[in-house]
Structure formats: structure tokens, C-alpha cells
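The shown structure was predicted, so the numbers you read here are calculated from the model rather than taken from an experiment. The first residue in the sequence is number 1, and the count goes up from there.
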Amino acid sequence: MSKTSRYEWRDQQASLHERMKGFLQNPGNEQLEAVVAEMRAYADAAKSGHIEIPQSWTSYG
């Protein structure tokens with residue numbers, strides 16, 4: 001996985017995480033729809049090959 005691909009994947013993960021966090025803090029239809037839209041965008045990017053999902057990674061957080 002290239003460095004660029006890894007950064008794109010990380011950015012997608014961060015965006016999805018922020019949407020989920022917003023929904024958990026303030027649950028409602030608007031936030032739920034935003035989370036679902038973000039998840040669909042992530043799935044579409046993975047299916048189309050726009051982002052590459054790593055087989056394994058190490059988290060230092």
C-alpha cells in the first residue's frame with residue numbers, strides 16, 4: 001500500500017469516525033442520515049478502487 005493510499009484511507013476513516021461521534025453525541029435523523037451517507041461513500045470508494053483498505057495495520061494510539 002502506497003503512502004498516498006494509506007493517507008486517503010486514514011482520512012476516510014477519520015471522517016467516518018467524526019460522523020459517528022456526532023451522531024452518538026446528538027442522535028437524530030439528520031445525524032443518522034449523515035452517518036449512513038458517509039458509510040456509503042466509504043463503501044463506494046472501496047468498491048471502485050478509489051481507496052485501498054490495508055490488510056493489516058498497527059495502531060499506536
Side-chain angles (χ1 to χ4, degrees):
M1 173 178 250
S2 72
K3 193 176 202 179
T4 303
S5 294
R6 194 168 47 245
Y7 286 140
E8 287 174 8
W9 174 79
R10 185 201 62 199
D11 292 345
Q12 284 283 125
Q13 285 289 309
S15 179
L16 181 57
H17 178 75
E18 287 302 312
R19 290 276 187 204
M20 290 289 282
K21 196 161 86 173
F23 172 71
L24 292 173
Q25 290 174 347
N26 186 15
N29 280 343
E30 186 176 313
Q31 290 80 8
L32 177 61
E33 288 178 23
V35 169
V36 171
E38 193 74 39
M39 292 174 101
R40 284 190 178 125
Y42 181 83
D44 290 342
K47 284 180 188 176
S48 69
H50 183 262
I51 62 167
E52 185 179 342
I53 299 173
Q55 295 295 320
S56 63
W57 65 88
T58 303
S59 176
Y60 297 101

Q | Main-chain N/O of Gln12 paired with Ser15 side-chain donor or acceptor, under 3.5 Å | A | no

**Q.** Worked check of side-chain contact (heavy atoms from CB on, under 4.5 Å) between Gln25 and Lys21
**A.** CA-CA 6 Å; Gln25 290 174 347; Lys21 196 161 86 173; 4.0 Å; yes

**Q.** Gln31 to Gly22 - nearest heavy-atom pair and separation
**A.** CG-O, 4.2 Å

Q. Mind checking whether Leu32 and Leu16 sit in one hydrophobic cluster, side chains of I, L, V, M, F, W, Y counted as touching below 4.5 Å?
A. yes

Q | Gap between atom OH of Tyr42 and atom NZ of Lys47 - 0.5 Å precision | A | 13.0 Å

Q. Does Glu30 CD have over 12 foreign heavy atoms under 6.0 Å away?
A. no

